[in-house]
There are 2 protein chains.
Amino acid sequence: MENFEFFTPTRMIFGKNTHQQVGKIVKEYGFKKVLVHFGGASARKSGLLDAVTGALEAEGIQYVTLGGVQANPTLAKAKEGIELCLREGVDLVLAVGGGSVIDSAKCIADGAGNPDADVWTYFRQEAVPARALPVGVILTLSASGSEMSASCVITNEENGFKRGFNSVTHRPLFSICNPELTCTVSKYQTACGTVDIMMHTLERYFSRTRDTELTDRIAEALLKSTVEAGRIADKEPDNYEARAALMWGGSLSHNGLTGAGRDFFMQVHQLEHELSGMYPSIAHGAGLAALWPSWARFVCPGDVNRFARYAVRVWNIDMDFDCPMNTALAGIRATEDFYKSLGMPSSLKELGVEEERLEEMAEKCTNMGKRTLPGIRELGKEEMMEIYRMAMGE
Amino acid sequence: MENFEFFTPTRMIFGKNTHQQVGKIVKEYGFKKVLVHFGGASARKSGLLDAVTGALEAEGIQYVTLGGVQANPTLAKAKEGIELCLREGVDLVLAVGGGSVIDSAKCIADGAGNPDADVWTYFRQEAVPARALPVGVILTLSASGSEMSASCVITNEENGFKRGFNSVTHRPLFSICNPELTCTVSKYQTACGTVDIMMHTLERYFSRTRDTELTDRIAEALLKSTVEAGRIADKEPDNYEARAALMWGGSLSHNGLTGAGRDFFMQVHQLEHELSGMYPSIAHGAGLAALWPSWARFVCPGDVNRFARYAVRVWNIDMDFDCPMNTALAGIRATEDFYKSLGMPSSLKELGVEEERLEEMAEKCTNMGKRTLPGIRELGKEEMMEIYRMAMGE
């Protein structure tokens, strides 16, 4: 086990009707003016936005609103939010939405907390935000784990780069998680979320550290629960318990718990960031689903036993003691089949990716030749292209 | 799944040599004067106390020391600490020790933060501390989980009452957890700790809420890891990975994770508090080990399926589909055998408890007739006496 720090200061308020408490909670902290940040029309249509602003009004809390955040949230939208916060004297950024809205809110909070800095320098890893406005969350999508994580990913629409960085300023102050709010999420988006939740744990699980039995068992627990809940939510969108398991699993999957003591690097996320950076219409979860099986088959020879363990523990596949590779591959296949059963793509071709752009994608993923990605197998440009090519499918 | 709040703001700094960072960490927060609170001679003898005070001195941080905390920490010692803090203008209480020292530090922090209040009124549930001094921890024993929990248990030496209460003020600001510091813990104390860690999860696991599959699987992961690590640490006291699994498991077992969404009440802890309240020489873990199997056999008919699941999932016992009770009882027996294999007592008689004091014990556990304990089976005085009697053994 490697040394680690585990710091999850976010106050999680989880369960039915909890979003109605938002006014009281904001008041309890003493905030005066809130930026209510949200995505598209669904927050309005569902009545959630009215419920939130109504709850704030009921406690006499001022607010301004900024909607229009899209999947793969942009730097331009965040800059709009930063200006609004500074102009209006906002002291809390309240994200009402999923990962895109939350990440946009975190970027706004970083920018508004450091008005003299260019916020993109943080994403270029050239500077670190010294402070930030606090962020609160009302979660409407189980996927990114951003409601409890230190991460934040933004796309610079000017150059197509999608970049993230971790910061203690990114841990929300509080997150209100009502699984009922996700019952109207479409089958496709629910599936994307299920993939994303699993991937946050899988990326930690498949790394090189040994002797992290407790962390590994917790990871397996979370994966099994997510597979089960993902299957149920796909068939019964209104099943509260399945929605709750996805929501809580999403938060735990990316808050550090499933990687405690493990030295890891999220290779598939990096590969996917370039994908949806260049093809912004690709949903993050769909991109991950299309990439992971090829990534797994590519790196599997580097740690057959671990992939075999995954197959046995998560998918209840019988161990082939004479040829663990058979078990390992069966586990990858089971994952792929599960993703397909949820309607997820199994190839990049399905997603409309063009063969001739793979090299550019790999080049960007190396930061123009400036990095390789560590892991079970280290990935340079050649290896990345091989994985992208495998993922293109027939 | 029930609605819940999950709030674990403690910054966990985990791993080898981490205690050497204490001076830097305290300075980073800007504290000026620390109460270094500890137990007996072992902290001095091992050189840990010198290392801690040396690290503080190196950063120019002032400190006063107060040692002498014993198992089942007393109100008298805490009051001594409160006076010292107020007299010296202490702004951080640093516990160097295990659960007893940490709980004593929490009580001191409550008292010093509210100089006009009688701190025992909090333990009598008559008042709530409005504020408290911050608490930092250097952990030397894997057991109580107090390094990350909201709980605090103190014995009033004047009347023998052992009482605890939960408060957000009890979550330490930071906890430095170096598993190496526990390699010198005796076999007996290691075993007591292993029992305590398991019990914090078992008490949540065996409650009435349904549909908490993720929480349950995490609980099972933690229990399996703890059994495994407890076995290894018993045979190889210097095994770092086993010590690390016990330490991290101890923190996760009592921070809320293994009970998220479950409505629970820690019956066995309540039964044990009276036991070690009346017999202060009984170690908490040993008392729990002697009580749990009898408690389990007593309540098992109320939820056979859950006890059967426990047997299958945690102890790898084959399910008896025709008679799940057989499986359930085999799981209880496996737990009992495991505790015995670690040298834990299997009866109250072994611990020197006198039959004629059981009624007084049960009476105290009902708060003199003022409460029953909810759970799979509700426990009133008669039921408590039955469990105590069963636990006396032959």
Side-chain angles (χ1 to χ4, degrees), chain A residues 1-18 21 148 168 171 173-179 210-226 228-229 232 239-249 251-253 255-258 260-261 313, chain B residues 1-18 21 148 168 171 173-179 210-226 228-229 232 239-249 251-253 255-258 260-261 313:
Chain A
M1 195 191 278
E2 304 287 339
N3 285 12
F4 64 92
E5 277 212 22
F6 182 79
F7 183 48
T8 55
T10 305
R11 177 177 162 208
M12 305 299 288
I13 300 137
F14 193 99
K16 291 178 184 172
N17 300 320
T18 45
Q21 302 170 25
M148 207 178 182
V168 72
R171 304 269 184 192
L173 181 66
F174 63 84
S175 287
I176 299 174
C177 304
N178 177 357
R210 294 283 175 254
D211 291 315
T212 53
E213 196 59 30
L214 174 54
T215 293
D216 292 345
R217 284 190 187 276
I218 289 174
E220 290 153 3
L222 199 145
L223 289 165
K224 279 191 94 103
S225 161
T226 303
E228 213 169 274
I232 296 172
N239 187 304
Y240 178 81
E241 300 301 341
R243 294 292 187 180
L246 289 176
M247 191 169 255
W248 185 226
S251 300
L252 295 183
S253 206
N255 77 353
L257 180 68
T258 61
R313 291 274 178 87
Chain B
M1 195 192 278
E2 304 288 337
N3 285 10
F4 64 91
E5 277 211 21
F6 182 78
F7 183 47
T8 54
T10 305
R11 177 177 163 209
M12 305 297 288
I13 300 137
F14 192 100
K16 292 179 184 172
N17 299 319
T18 45
Q21 301 170 26
M148 205 177 183
V168 72
R171 304 270 184 191
L173 181 65
F174 64 84
S175 286
I176 299 174
C177 304
N178 177 358
R210 293 283 174 255
D211 290 316
T212 53
E213 195 59 29
L214 174 53
T215 293
D216 291 344
R217 284 190 186 276
I218 290 174
E220 290 154 2
L222 199 145
L223 288 165
K224 279 191 93 102
S225 162
T226 303
E228 212 169 277
I232 296 172
N239 188 305
Y240 178 81
E241 300 302 341
R243 293 292 187 179
L246 289 176
M247 190 169 256
W248 185 226
S251 300
L252 295 182
S253 207
N255 77 353
L257 180 69
T258 62
R313 290 276 178 86

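A, B, ... follow the sequence lines: proteins, then strands. Residue 1 opens every chain.
Atoms NZ and CE, on B:K16 and A:M1 in that order, are 11.0 Å from each other to the nearest 0.5 Å. For the atom pair CG (A:N239) and CG (B:D211), the distance works out to 8.0 Å, reported to the nearest 0.5 Å. Between the OG1 atom of A:T8 and the CE atom of B:M12 there is a distance of 9.5 Å, given to the nearest 0.5 Å.
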B:N3 vs A:N17, side-chain contact (heavy atoms from CB on, under 4.5 Å): CA-CA, chis, key distance, verdict: CA-CA 9 Å; B:N3 285 10; A:N17 300 320; 5.7 Å; no

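Contact of B:S175 with chain A is not made at all, since no heavy-atom distance falls under 4.5 Å. For B:E228, the part sitting under 4.5 Å from any heavy atom of chain A is the side chain, from C-beta outward, and nothing else. Only the side chain of B:Y240 comes within less than 4.5 Å of a heavy atom of chain A; its backbone N, CA, C and O stay farther away. Of the two parts of B:T212, neither the backbone nor the side chain holds a non-hydrogen atom closer than 4.5 Å to a non-hydrogen atom of chain A. Of the two parts of B:A219, neither the backbone nor the side chain holds a non-hydrogen atom closer than 4.5 Å to a non-hydrogen atom of chain A.
Between A:W248 and B:F6, the ring planes lie perpendicular to each other; the angle is over 60°, past the 30° to 60° tilted range.
Counting all heavy atoms, side chain and backbone alike, B:I218 lies closest to A:A221 at N-CB, 3.8 Å. The two residues A:L214 and B:L222 come nearest to each other via the heavy atoms CD1-CA, 3.8 Å.
No other option in B:M148, B:R171, B:R210, B:K224 has as many heavy-atom pairs under 4.5 Å with chain A as B:K224.
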